[in-house]
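Have a look at the structure below, then the notes.
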Amino acid sequence: MTNWEELDTDEVIEKLGETSKLDSELFEYLSDYADYEVRAIIAKRLDTPKEILIKLSKDEDYEVRAIIAKRLDIPKEILIKLSKDEDDE
């Protein structure tokens, strides 16, 4: 098994592309990953647990929040909040 904590960002992104199933602990770890690109990949994955999607809907990065807003499996109240979201940059 891969020790994800030892991988650099590029390796994590590559590994995510090769990995079809992640466990809940790994989703939790990657949803807090420093690089927004990793969090964006997690936001796009169809197998991401709902609680992680809700967490990512509050992400500091606009792109991650925008990905969540485009999903059809997000609770209505989250979508309403995200529809008022603006890029702070």
Side-chain angles (χ1 to χ4, degrees):
M1 179 165 168
T2 301
N3 189 352
W4 290 77
E5 291 88 2
E6 294 177 2
L7 302 177
D8 67 26
T9 298
D10 290 336
E11 291 170 324
V12 168
I13 291 170
E14 182 179 340
K15 192 73 177 164
L16 280 171
E18 300 169 350
T19 306
S20 61
K21 186 142 175 71
L22 304 175
D23 64 30
S24 59
E25 288 178 15
L26 189 51
F27 273 115
E28 187 64 41
Y29 169 72
L30 295 173
S31 70
D32 288 326
Y33 201 81
D35 191 298
Y36 83 94
E37 290 178 275
V38 171
R39 298 190 314 275
I41 292 169
I42 295 300
K44 290 177 187 175
R45 287 183 65 111
L46 297 177
D47 60 337
T48 301
K50 185 182 259 184
E51 60 271 9
I52 298 296
L53 296 175
I54 292 169
K55 176 181 176 180
L56 290 173
S57 75
K58 302 169 191 158
D59 196 88
E60 65 186 41
D61 188 85
Y62 177 78
E63 185 176 330
V64 174
R65 296 189 312 268
I67 291 167
I68 296 295
K70 293 176 185 172
R71 293 187 62 123
L72 300 175
D73 56 347
I74 295 297
K76 184 178 177 181
E77 60 273 7
I78 301 288
L79 289 176
I80 291 169
K81 180 179 180 266
L82 289 173
S83 71
K84 300 171 186 171
D85 196 8
E86 294 182 17
D87 188 351
D88 294 333
E89 295 179 36

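Sequence positions, counted from 1, serve as the residue numbers for this chain.
- Across Phe27 and Ile42, no two heavy atoms sit closer than the pair CD2-CG2, 4.0 Å.
- When the side-chain contact (heavy atoms from CB on, under 4.5 Å) test is applied to Asp8, the partners found at least two apart in sequence or on another chain are Asp10, Glu11.
- In plain terms, the two heavy atoms of Arg39 and Asp59 that are nearest each other are NE-OD1, 2.6 Å.
- Residues that satisfy the side-chain contact (heavy atoms from CB on, under 4.5 Å) test with Thr9, not counting sequence neighbours, are Ile13, Tyr33, Asp35, Val38.
- Among all heavy-atom pairs drawn from Asp47 and Ser20, the shortest one is OD2-O, 3.4 Å.
- Atoms CG and CZ, from Leu46 and Arg71 in turn, are 6.0 Å apart once rounded to the nearest 0.5 Å.
- The structure places CD of Glu37 at 7.5 Å from CD of Glu63, a figure rounded to the nearest 0.5 Å.
- By the side chain to side chain donor-acceptor pair (under 3.5 Å) test, Glu6 pairs with Asn3, sequence neighbours left out.
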Below 3.5 Å, can you tabulate the donor-acceptor pairs from side chains in residues 77-84 to any protein atom, sequence neighbours excluded?
unit_1, atom_1, unit_2, atom_2, d
Ser83, OG, Ile80, O, 2.6

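- The shortest distance between side-chain heavy atoms of Leu16 and Leu30 falls below 4.5 Å.
- The shortest side-chain heavy-atom distance between Tyr29 and Val12 does not fall under the 4.5 Å cut-off.
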